Student: 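First the structure, then my questions, so here it is.
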Amino acid sequence: MRDKRLKRGFFIRPTIIVSKALLGKFLIHEYRGQILSGMIVETEAYIGEKDKAAHSYGGRRTIRNEVEYGPGGYVYIYLVYGLHHQLNFVTAGTDQPECVLIRALEPAEGIEVMKNNRKTGKLSNLTNGPGKLCQALALDRSLNGHDLTAKGSDFYIEDRGVKISPKRIKKGPRIGIDYAGPYWSRVHWRFWIKDNPFVSK
DNA sequence: TGTCCGATATCCT
DNA sequence: GGATATCGGACAT
């Protein structure tokens with residue numbers, strides 16, 4: 001059987017390219033013997049050094065964002081507002097603190113478990129936001145620094161052959177970062193699949 | 001050691 | 001549509 005997991009080379013590319021390429025890929029978490037998965041439908045790019053909205057702006061390097069300074073293909077996950085997790089994938093090479101925030105998924109496998117994790121019966125409300133998808137797929141800080149490309153790991157990304165043509169990729173300003181000032185809060189570094197009902201609002 | 005605040009979701013009106 | 005929950009990280013003291 002062909003190994004469909006994304007390899008290191010996929011992530012070691014410019015962050016904007018990776019952000020778009022991730023649309024249509026499948027995020028898979030094998031959790032307690034269950035497969036929890038979803039197709040990525042919305043992403044945001046964070047270009048560390050020069051991006052005022054990024055944790056690594058100006059080369060800021062801390063215990064929390066240390067993994068961003070490593071090579072692409074690793075997981076950067078942390079807690080905001082004391083209750084919501086944010087899932088990111090590190091991109092580019094070593095010492096370029098760049099990453100892609102996963103904002104929304106279209107649920108694929110393990111939907112019943114996800115509904116239970118989320119305490120909701122509504123499919124449309126399961127994974128249409130960064131904090132929601134982490135809760136649905138049971139992702140938390142213990143996965144920080146996880147290698148997505150490691151053989152046999154239980155958290156990875158697959159290419160299942162879904163092709164998203166450039167025409168179906170929409171872009172716009174990122175969300176919830178007004179503090180970054182008029183320029184960085186407006187750059188069009190958010191990407192999503194046109195007309196997909198699971199994109200966050 | 002203390003204070004400030006966030007890459008959101010939810011509940012309430 | 002608006003308030004607010006809730007905690008760990010960042011940085012100042």
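These numbers come from the heavy atoms of this one structure, side chains and all, not from hydrogens, waters or symmetry mates. In what follows, chains carry the letters A, B, and so on, assigned in the order in which the sequence lines appear, proteins first and then strands, with residues in each chain numbered from 1. Just so we're clear, the structure is a prediction, and the values are computed from it rather than from any experiment.
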Student: Salt bridge check, A/Asp154 against A/Arg32: does any charged N sit closer than 4.0 Å to a carboxylate O?
Tutor: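 Result for this pair is no, no salt bridge flagged.
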
Student: Select base, sugar-phosphate, or nothing to describe what A/Ile177 touches, counting heavy atoms under 4.0 Å on all strands.
Tutor: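 Sugar-phosphate contact only.
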
Student: Atom CD of A/Glu68 and atom P of B/dA7: how far apart are they, to the nearest Å?
Tutor: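 The answer, rounded to whole Å, is 12 Å.
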
Student: Between B/dC11 atom P and A/Asn125 atom CG, what is the distance in whole Å?
Tutor: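 In whole Å, B/dC11 P lies 10 Å from A/Asn125 CG.
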
Student: Between A/Arg8 and A/Asp147, is the closest basic N to carboxylate O distance under 4.0 Å?
Tutor: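 Result for this pair is yes, salt bridge flagged.
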
Student: Are A/Trp189 and A/Trp184 packed together at the side-chain level, in the sense that at least one heavy-atom pair is separated by less than 4.5 angstrom?
Tutor: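 Of all side-chain heavy-atom pairs linking A/Trp184 with A/Trp189, at least one is under 4.5 Å.
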
Student: Can you list the stems that include DNA chain B, where a stem is three or more consecutive Watson-Crick or G-U pairs with distances under 3.5 Å?
Tutor: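 Detected stem regions: B:1-6 with C:7-12, B:8-12 with C:1-5.
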
Student: Between B/dA7 atom P and A/Arg174 atom CZ, what is the distance in whole Å?
Tutor: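 Computing the A/Arg174:CZ to B/dA7:P distance gives 11 Å.
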
Student: Would you tell me if any nitrogen or oxygen in the side chain of A/Thr62 comes within less than 4.0 Å of OP1 or OP2 on C/dG9?
Tutor: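 No, no such contact exists.
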
Student: Whether the A/Tyr156 and A/Glu30 side chains hold a donor-acceptor pair (N or O, under 3.5 Å, no angle test) is what I'd like checked.
Tutor: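 Short answer, yes.
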
Student: What residue among A/Glu106, A/Lys170, A/Arg168 forms side chain to side chain donor-acceptor pair (under 3.5 Å) with A/Asn196?
Tutor: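 Filter result, single survivor: A/Glu106.
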
Student: In this structure, how many angstroms lie between the P atom of B/dA7 and the CG atom of A/Leu139, rounded?
Tutor: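 The answer, rounded to whole Å, is 19 Å.
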
Student: Atom pairs, N/O to N/O, protein against nucleotides 1-8 of chain C, distance under 3.5 Å?
Tutor:
| from | atom 1 | to | atom 2 | distance (Å) |
| --- | --- | --- | --- | --- |
| C/dT6 | O2 | A/Tyr81 | O | 2.6 |

Student: Tell me the interatomic distance from A/His55, atom NE2, to C/dC11, atom C1', rounded to whole angstroms.
Tutor: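 Going from NE2 in A/His55 over to C1' in C/dC11 covers 15 Å.
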
Student: Within 45 degrees of the ring normal and closer than 6.0 Å to the centroid, is that where the cationic atom of A/Arg141 sits relative to A/Tyr78?
Tutor: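 Verdict for A/Tyr78: no cation-pi partner in A/Arg141.
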
Student: Taking the inter-plane angle between the rings of A/Phe11 and A/Phe89 on a 0 to 90° scale, is it parallel (under 30°), tilted (30 to 60°) or perpendicular (over 60°)?
Tutor: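 Aromatic pair A/Phe11/A/Phe89 classed perpendicular.
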
Student: After noting the C-alpha distance and the side-chain angles of A/Tyr76 and A/Tyr74, does the key distance pass the ring-ring contact (aromatic ring centres under 6.0 Å, His included) rule?
Tutor: CA-CA 7 Å; A/Tyr76 174 39; A/Tyr74 287 82; over 10 Å; no

Student: Which atom pair, heavy atoms only, marks the closest approach of A/Gly24 to A/Val162?
Tutor: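 For A/Gly24 and A/Val162, the tightest heavy-atom pair comes out as O-CB, 3.6 Å.
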
Student: Choosing from B/dT8, C/dC11, B/dA7, which nucleotide comes nearest the side chain of A/Leu101?
Tutor: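 Between B/dT8, C/dC11, B/dA7, the one nearest the side chain of A/Leu101 would be B/dA7.
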
Student: Side chains of A/Ser56 and A/Glu49 only: does a donor on one sit below 3.5 Å from an acceptor on the other?
Tutor: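 Note: A/Ser56 and A/Glu49 side chains miss the donor-acceptor criterion.
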
Student: Which whole-number value in Å describes the distance from A/Asn128 CG to B/dT10 P?
Tutor: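 My rounded result for the distance is 9 Å.
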
Student: Can you measure A/Ile102 atom CD1 to B/dT8 atom P for me and round it to whole angstrom units?
Tutor: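 Going from CD1 in A/Ile102 over to P in B/dT8 covers 15 Å.
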
Student: Output yes when at least one side-chain N/O atom of A/Arg118 is less than 4.0 Å from OP1 or OP2 of B/dT10, else no.
Tutor: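 True: A/Arg118 side-chain N/O within range (under 4.0 Å) of B/dT10 OP1/OP2.
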
Student: What integer distance in Å separates A/Tyr57:OH from B/dG6:C1'?
Tutor: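 Answer to the nearest Å: 18 Å.
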
Student: State which of B/dA9, B/dG6, C/dG9 makes the closest approach to the side chain of A/Pro130.
Tutor: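 Minimum distance to the A/Pro130 side chain belongs to B/dA9.
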
Student: Looking at the side chain of A/Lys132, which of B/dA7, C/dA10, B/dA9 is the nearest nucleotide?
Tutor: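 So the nucleotide nearest the side chain must be B/dA9.
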
Student: Please determine whether a side-chain nitrogen or oxygen atom of A/Arg103 lies at a distance below 4.0 Å from atom OP1 or OP2 of B/dA7.
Tutor: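 False: A/Arg103 side-chain N/O out of range (4.0 Å or more) of B/dA7 OP1/OP2.
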
